[in-house]
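Inspection log for the structure reproduced underneath, given as structure tokens.
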Protein chains: 2
Amino acid sequence: MTEPPGRRERKKAATRQKIADTALQLFLERGYDAVGIRDVAAAADVAVTTLFAHFPSKEALVFDLDADFERQLTHAVTDRPPHEPLVPALRGAIGAMVRHCTAESAAPLWRMIDDSPALRDFEVSMRMRHAESLATAIAADLALPHVTTACRTIARFVVEAFSLARESPDPENALDEIFRMIEAAWEACPTEPRARVSPGAPRGRDASG
Amino acid sequence: MTEPPGRRERKKAATRQKIADTALQLFLERGYDAVGIRDVAAAADVAVTTLFAHFPSKEALVFDLDADFERQLTHAVTDRPPHEPLVPALRGAIGAMVRHCTAESAAPLWRMIDDSPALRDFEVSMRMRHAESLATAIAADLALPHVTTACRTIARFVVEAFSLARESPDPENALDEIFRMIEAAWEACPTEPRARVSPGAPRGRDASG
DNA sequence: TACGAAACGCTAACCGTTAGTGTTACTCTC
DNA sequence: GAGAGTAACACTAACGGTTAGCGTTTCGTA
């Protein structure tokens, strides 16, 4: 994955990276709303259409972590040790993401995001997408025939945990609070019985604490 | 509020209503994306700038219930009987809203919303706004000195309940499931002890079931 | 009646985004 | 290595939501 498989793809990746870097620099320098797409394209020395060939929207220039976050969430479910219960695994993933986003170096970026309604809205709708992916992963993990309301509910709660903890003045503590609540919600979840009797290798939730 | 306090305000309200009605009719007839702002303004016989003087965005033309929903949520907290516990009161409000939105007559509208990414995104970010209002109301109800993470968390869970139940094939049943989970989360919430010993008339949660 | 303000209109533009249409540069195949 | 196919990129022009600037009407009120 670190090997360059061909000149074409390398050039493409370079162009994409240059656009992303240029955009972020301009945004942080002058403010997100004060920088237009045409500015970014000019500074990155590409055409506007090229920019949109690499990024689906202006907001996507900022949220390049989008796909990463989604992967981290679903992988927390699918790639966890065989007998690790679900919620703590998710807590770990969310915790890592929160720590990553509340680090000193990330502060200016998130300050910019919090200051721009457009970016805030984008982040919210991104969370909903991630929640849906997570719900699918959870349903698969429980060997359910389809994604249930309970799966979707837990998934939403988990992605909201990220948002709430990140915005809190004490993220680590907030994470504790919220996941205590999520854990409780999970135990009150009616999905479990079905999971325990379903065929295949359904990893229901084990004793956890 | 039903009394006309002046000709000016009546005319303004009439203009606003005419715009909203015209917009909704056009949207349902031809589809949200197929109708432009200029079309709506022309059909309502007003200038585009007038339209935007009454509604902050195209999406707001569809979500005229916005303020109503927000009021219903906060009122469910502030106007409930003296000893009614918090979560069931919120369940009642959400239930009413869900029933209202899943009624036969509302079906085409919500079908349109679900079909348009722009409207979906708007609804999501609307929910976040409502959640913040609700969190403030909850904090006030618990006589907390400021809005805590726990308040925000419960508020988010509650507004997500609306979304999840509305999208479910069996909303009534989904509501049961989700609020069982929310109730459990609420009981695991660390805010309560502070509420019980705080001064004034803090209505902590009572025995409920 | 005269004045201030609110509601409304018109024009012209800005900005994000896309369709249409080439042109260049790489990869693959013979 | 020549040629074909294709992916990346550029350019133009436009579309649709939104806003600023500025003038006009209409209402409430002193």
Side-chain angles (χ1 to χ4, degrees), chain A residues 3-24 26-27 30-63 112-113 116-123 125-126, chain B residues 3-20 22-24 26-27 30-63 112-113 115-123 125-126:
Chain A
E3 288 300 303
R7 191 174 308 176
R8 202 171 236 172
E9 301 197 20
R10 250 183 304 135
K11 285 204 172 185
K12 179 174 181 175
T15 301
R16 186 196 147 89
Q17 197 57 43
K18 184 169 186 184
I19 294 172
D21 292 347
T22 307
L24 208 55
L26 286 184
F27 289 158
R30 306 188 211 159
Y32 179 75
D33 292 319
V35 178
I37 284 289
R38 290 162 178 88
D39 299 330
V40 175
D45 198 31
V46 295
V48 173
T49 45
T50 300
L51 188 154
F52 279 108
H54 287 274
F55 299 89
S57 69
K58 186 186 181 186
E59 291 87 19
L61 286 167
V62 175
F63 287 97
M112 180 183 82
I113 294 171
S116 162
L119 289 176
R120 289 179 55 89
D121 286 356
F122 186 86
E123 204 245 347
S125 107
M126 187 176 87
Chain B
E3 287 300 302
R7 191 172 309 172
R8 200 169 235 171
E9 301 197 20
R10 249 182 303 135
K11 285 204 174 185
K12 179 174 180 175
T15 302
R16 188 196 146 91
Q17 197 58 44
K18 182 168 185 184
I19 295 172
T22 307
L24 208 55
L26 286 184
F27 289 158
R30 306 188 212 160
Y32 179 76
D33 291 320
V35 177
I37 283 290
R38 292 161 178 90
D39 298 330
V40 176
D45 199 30
V46 296
V48 172
T49 45
T50 301
L51 188 154
F52 278 108
H54 287 274
F55 299 88
S57 69
K58 186 186 180 186
E59 291 88 20
L61 287 167
V62 174
F63 287 97
M112 180 182 83
I113 293 170
D115 284 350
S116 162
L119 289 176
R120 290 179 55 89
D121 286 357
F122 186 87
E123 204 245 346
S125 109
M126 188 177 86

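What you see is a predicted model, and the numbers here were worked out from it, not measured in a lab. Letters A, B, ... are given to chains in the order of the sequence lines, protein chains preceding strands, and every chain is numbered from 1.
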Checklist entry - Who passes side chain to side chain contact (heavy atoms under 4.5 Å, CB included) against B/Ser116, sequence neighbours left out? => result B/Tyr32, B/Asp33, B/Ala118, B/Leu119
Item to check | Sequence-distant partners of B/Arg7, side chain to side chain contact (heavy atoms under 4.5 Å, CB included), two or more places apart | outcome: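 Here the qualifying residues are B/Arg10, B/Lys11.
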Next on the checklist: For B/Val35 versus B/Leu26, what's the shortest heavy-atom pair and its separation?
Outcome noted: CG2-O, 3.6 Å
For atom [atom1] of [X] and atom [atom2] of [N], their distance in whole Å:
X       : N      : atom1 : atom2 : answer
B/Ile19 : C/dC8  : CD1   : P     : 7 Å
B/Arg16 : C/dA7  : CZ    : P     : 12 Å
A/Leu61 : C/dG16 : CG    : P     : 10 Å
A/His54 : C/dT18 : NE2   : P     : 15 Å
A/Ile37 : C/dC14 : CD1   : C1'   : 14 Å

Next on the checklist: Categorize B/Val46 for me: base, sugar-phosphate, or nothing, with a 4.0 angstrom heavy-atom threshold over every strand shown.
Outcome noted: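 Result for B/Val46 = sugar-phosphate.
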Checklist entry - So what does B/Val35 touch, heavy atoms closer than 4.0 Å: a base, only the sugar-phosphate, or nothing? => result sugar-phosphate
Item to check | A/Phe52 vs B/Asp45, nearer the 5' end of DNA chain C by closest nucleotide | outcome: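 Upstream on the strand: B/Asp45.
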Next on the checklist: Counting primed atoms plus P, OP1 and OP2 as sugar-phosphate and everything else as base, spell out the protein contacts along nucleotides 20-30 of chain C at 4.0 Å heavy-atom distance: B, S or - for each nucleotide, 5' to 3'.
Outcome noted: -----BBS---
Item to check | Residue met sooner reading DNA chain D from 5', once B/Lys58 and A/Thr15 are mapped to nucleotides | outcome: A/Thr15
Checklist entry - So do the side chains of A/Phe122 and A/Ile113 get within less than 4.5 Å of each other, counting heavy atoms only? => result no
Checklist entry - Would you say the side chain of B/Leu61 lies within less than 4.5 Å of the side chain of B/Leu24, judging by non-hydrogen atoms? => result no
Item to check | For B/Arg8, salt bridge (Lys or Arg N to Asp or Glu O under 4.0 Å) partners two or more places apart | outcome: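 None.
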Which pairs of donor and acceptor atoms, one on a side chain in residues 38-57 of chain B, lie under 3.5 Å apart (sequence neighbours left out)?
{"residue": "B/Asp39", "atom": "OD2", "partner": "B/Gly36", "partner atom": "N", "Å": "2.9"}
{"residue": "B/Ser57", "atom": "OG", "partner": "B/Glu59", "partner atom": "OE1", "Å": "3.3"}
{"residue": "B/Ser57", "atom": "OG", "partner": "B/Ala60", "partner atom": "N", "Å": "3.3"}

Checklist entry - On DNA chain D, which is the earliest and which the latest nucleotide, 5' to 3', with an atom closer than 4.0 Å to a heavy atom of chain B? => result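 Going 5' to 3' along DNA chain D, contacts run D/dG16 to D/dG28.
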Item to check | Gap separating the CG atom of A/Asp21 from the CD atom of A/Gln17, nearest 0.5 angstrom | outcome: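 Going from the CG atom of A/Asp21 to the CD atom of A/Gln17 covers 4.5 Å.
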